[in-house]
Amino acid sequence: MRWTDNFISTLREDPQDAEAISHKLMVRASLIRKLTSGAYTYLPLGLKALKKVEDVIRTEMNRSGAIELLMPAMHPVELWKKTGRYEIMDHVLVKYKDRHGREIVLGPTHEEIITDIVSREINSYKDLPKILYQIQTKFRDEIRPRFGVIRSSEFIMKDAYSFDADTEGLEKSYKKMYDAYCRILERCELPYVAVEADPGVMGGNISHEFMVPSAIGEDEIVICKCGYAASVQVAGCKEPGTEDRSTASSSAAPGTGDRRPTDKIKEVETPDMSSVEDVSKFLRVKPSQLIKTLIYLADGKPIALLVRGDHAANEIKLKNFLKADALEMADDKVIQDVTGGPMGFSGPIGLKIRILADFSLMGIMNAVVGANKKDRHLINVNADRDFKPEAWIDARVITLKDPCPRCAGKIELKHAIEIGHTFKLGTKYSHVLGANFLDKSGKSHPMIMGCYGIGVNRILAASIEVSHDKDGIIWPKPISPYEVVILPLNVENKELLKTSEELYGQMREADLDVILDDRGQRAGVKFKDADLIGFPVQVIIGEKNLQKRKVEIKTRKDGKSQLVDIMDVIKKI
RNA sequence: CGGGAAGUAGCGCAGUCUGGUUUAGCGCGCUUGGUUCGGGACCAAGAGGCCGCGGGUUCGAAUCCCGCCUUCCCGACCA
């Protein structure tokens, strides 16, 4: 490709509306332009990179035995109603009515559709297992699109679905996809970690997220030297044994230096103080000496969860423990109803609803709890003596102070960008949509499913996020829009231009993906643009070197260059 | 949806507080001519604006007031 035949316009300055580095660079390097919030045009250079990522994905999916197909983006609403996700995913579904009044959903993902197809086409165990995939545009009505292409309302996903006759088959399919994902990310040269994660609305019980650590990542992950890696939402907390417990109970009761249970619960005034921070400051106790009482609605029924003041409740763990389909924070009205007091002053004492407590609170003494009255808290509250939860459970978010759930070593917390997610779905979709097969004995069973998603444009953004410098993007070769850029530094020089054209022709013959910067720009402009866009290799053709029949080959990554004979250029790249 | 910030030429910004010397500027980019030519050149001449939209106040509004729209950030949410 010749630069002047292309459609490239780089920007010298950062766009005003971009925050993330990858977003700024993608705009400046002429890869994308925003149409509206959450929707981006891929300019030719960006599309080229996107296609490269797709190529890598296709190759590895095909290698793993998956088969490509393409499903519609518009879905009849009935399928979504059948699986119940019309309600569950209501807030992200993009919907419209067609001229006949039929309601249409623009697909945010395709479990419903693929299961429907497979239910019609596959009937026998002989046709299993199957892994089907597509690369396609998805639509999600995101609450807040963010960071350019990292979280956009319209995005490109590779989604794959496996169908097996039994769980052993699912394990094999899952492993194949897991391995394929590792290969894909390795080929894209992304530093990633595969972590245990929560399946969320996808269903199933086990899932893995493929995460690329980055400061702008919207998810947090836990990593340990022992190899343990998990989403912060699922990382298990150990039962308090040693150090954690001692911090919890060592702090003194308000106004005393006493560790022993103080005999009387006292009601104290805490005017307008409902937050842990306010209350602990006011009463001069550590946040860890407070008990937060959180009221939830689990499938519509109120339930109280107690966690330590310095801990964050983990709704996923709670939801899993309760085996609830829906879990939400109760609103003011419900709280007033079940506790008798306003939000912010709830406490376990006198509560008539189910009470669960995080096990970091086991044996806590002289704690502070809400009094279920406005502007009142109770002090000197002791576990077991004054309140007794139905169960002590793991229901909080892991913190840096917690030991590794696997080896008890020191953990690290990191922000990360979710690039891919794999799920074991089981029969959740095949059951309701009737994707059944007949086994050898003629008995009908629902197929066992898995699903596997990868964000194609997120790979691009994440790659830039982890690989750039002050001058611009540093592409890994496999996903760079072009592998090589030829920079004739003075196109007015006929001889120089001719040589460049010849070299360009030879490289194309040699199947190199090359772009020729044939613009009549000054050298400096060409260097800046080449660095900004980040082509891995620059072939620089200048007048002085050319007289010696030499050109310069420079690699973007390390900035190192070598002078080589013109005849040897292709060999050296 | 709550909190914050912003919208002036293709891009990045100043001007708005304190209404009138503003015929609305600057830098980059763009056009033409010339000189340059290995790290975003220089000189000269140009083109390019519903000052986000609507209403109001005023002799007079980019500037003050009211309403709306859009965008970004933080939060809640999220395969």
Side-chain angles (χ1 to χ4, degrees), chain A residues 9-20 23-24 27-28 30 33-39 85 88-93 107-112 138-148 150-153 155 157-161 197-204 207-211 216-220 231 233 312 315-316 327-329 331 417-423 425 450-455 458 470-472 487-493 496 517 519-532 538 540-546 551-552 554 559 561 563:
Chain A
S9 73
T10 57
L11 269 32
R12 295 191 179 208
E13 283 158 303
D14 285 337
Q16 177 262 141
D17 58 5
E19 186 78 6
H23 185 192
K24 289 178 183 170
V27 174
R28 283 191 57 205
S30 194
R33 290 290 183 266
K34 183 173 69 189
L35 205 219
T36 183
S37 178
R85 290 164 109 196
I88 296 174
M89 291 184 75
D90 177 58
H91 49 290
V92 292
L93 292 183
T109 173
H110 279 65
E111 285 74 20
E112 279 76 1
K138 308 292 184 201
F139 299 87
R140 291 186 191 180
D141 188 6
E142 290 290 347
I143 300 169
R144 178 146 92 92
R146 225 187 295 221
F147 299 143
I150 298 240
R151 179 171 292 277
S152 49
S153 307
F155 61 99
M157 178 158 103
K158 187 288 306 168
D159 45 326
Y161 307 88
D198 179 69
V201 302
M202 300 302 292
S207 81
H208 287 93
E209 284 174 333
F210 289 79
M211 311 293 277
I216 64 154
E218 297 179 85
D219 299 284
E220 248 191 316
S231 144
Q233 294 299 325
E315 297 179 13
I316 288 170
L327 182 77
E328 52 178 348
M329 291 289 279
D331 57 23
I417 303 167
E418 178 190 348
I419 297 296
H421 205 154
T422 58
F423 303 84
L425 297 173
C451 76
Y452 317 90
I454 247 185
R458 272 192 188 175
K470 63 173 179 25
D471 295 316
L487 304 175
L489 296 188
N490 180 5
V491 294
E492 300 299 309
N493 181 329
L496 193 149
D517 189 351
R519 293 129 91 207
Q521 291 284 3
R522 296 163 58 88
V525 174
K526 295 190 179 193
F527 287 136
K528 288 286 184 192
D529 275 341
D531 287 347
L532 173 61
Q538 303 172 2
I540 302 161
I541 305 179
E543 285 174 317
K544 287 202 186 95
N545 289 330
L546 188 63
V551 301
E552 188 180 334
K554 186 169 167 187
S561 61
L563 264 188

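So you know, we letter chains A, B, ... as the sequences are listed, proteins then strands, and number each from 1. All values below were derived from every heavy atom in this structure, side-chain atoms included, with hydrogens, water molecules and symmetry-related copies excluded.
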Taking atom [atom1] in both [N] and [M], what distance in whole Å separates the two?
| N | M | atom1 | value |
| --- | --- | --- | --- |
| B/rG33 | B/rC17 | C1' | 45 Å |
| B/rC50 | B/rA62 | C1' | 12 Å |
| B/rG20 | B/rC64 | C1' | 14 Å |

From the set [options], return the single nucleotide nearest to any side-chain atom of [X].
| X | options | answer |
| --- | --- | --- |
| A/Arg151 | B/rC78, B/rU70, B/rC72 | B/rC78 |
| A/Arg12 | B/rC78, B/rC28, B/rC1 | B/rC28 |
| A/Asn545 | B/rC77, B/rG29, B/rG38 | B/rG38 |
| A/Ile143 | B/rC1, B/rG38, B/rG40 | B/rC1 |
| A/Arg28 | B/rG40, B/rG39, B/rG38 | B/rG40 |
| A/Arg144 | B/rG40, B/rC74, B/rC78 | B/rC74 |
| A/Glu552 | B/rC30, B/rC74, B/rG38 | B/rG38 |

Sugar-phosphate only, base, or nothing, as touched by [X] at under 4.0 Å among non-hydrogen atoms:
| X | result |
| --- | --- |
| A/Thr36 | sugar-phosphate |
| A/Glu142 | base |
| A/Ile540 | base |
| A/Gly542 | base |
| A/Phe210 | nothing |
| A/Lys138 | nothing |

Which residues pass the salt bridge (charged side-chain N to carboxylate O under 4.0 Å, His left out) test with A/Lys138, not counting sequence neighbours?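 A/Lys138 satisfies salt bridge (charged side-chain N to carboxylate O under 4.0 Å, His left out) with A/Asp159 once adjacent residues are dropped.
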Answer yes or no: side-chain N or O of A/Arg146 and base N or O of B/rC72 forming a donor-acceptor pair under 3.5 Å. no
I'd like to know if A/Asn490 reaches the base of B/rG38 with its side chain, counting only an N/O donor and acceptor under 3.5 Å. no
For A/Ser231, which residues count as a side chain to side chain contact (heavy atoms under 4.5 Å, CB included) partner, sequence neighbours excluded?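 So A/Ser231 forms a side chain to side chain contact (heavy atoms under 4.5 Å, CB included) with A/Val195, A/Ala197, A/Glu209, A/Gln233, A/Val234.
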B/rU16 - base-pair partner by Watson-Crick or wobble geometry, distances under 3.5 Å: none
If pairing requires Watson-Crick or G-U wobble contacts with both distances under 3.5 Å, which nucleotide is the partner of B/rG7? B/rC69
Taking only N/O atoms, report every protein-nucleotides 33-36 of chain B pair under 3.5 Å with atom names and distance.
from: B/rU36; atom 1: O2; to: A/Arg522; atom 2: NH1; distance (Å): 2.8

Would you indicate whether the side-chain heavy atoms of A/Lys34 and A/Ser152 approach each other to under 4.5 Å? no
Test item: A/Lys554 and A/Leu487 side chains (from C-beta on) under 4.5 Å apart, heavy atoms: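 With C-beta onward as the side chain, the pair stays apart.
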Distance check needed: [N] [atom2] versus [X] [atom1], whole Å only.
| X | N | atom1 | atom2 | result |
| --- | --- | --- | --- | --- |
| A/Leu532 | B/rG39 | CG | P | 18 Å |
| A/Lys24 | B/rC73 | NZ | C1' | 12 Å |
| A/Ile216 | B/rC74 | CD1 | P | 10 Å |
| A/Glu315 | B/rC77 | CD | C1' | 11 Å |

Could you list all N or O pairs between the protein and nucleotides 9-15 of chain B that sit under 3.5 Å apart?
from: B/rG12; atom 1: OP1; to: A/Gln16; atom 2: N; distance (Å): 2.9
from: B/rG12; atom 1: O2'; to: A/Glu13; atom 2: OE2; distance (Å): 3.3

Listed partners of A/His208 passing ring pair (Phe, Tyr, Trp, His ring centres under 6.0 Å), at least two apart: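 In terms of ring pair (Phe, Tyr, Trp, His ring centres under 6.0 Å), with neighbours along the sequence ignored, A/His208 is linked to A/Tyr174, A/Tyr178.
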Identify all pairs in which a protein N or O lies below 3.5 Å from an N or O of nucleotides 46-54 of chain B, and state each distance.
none

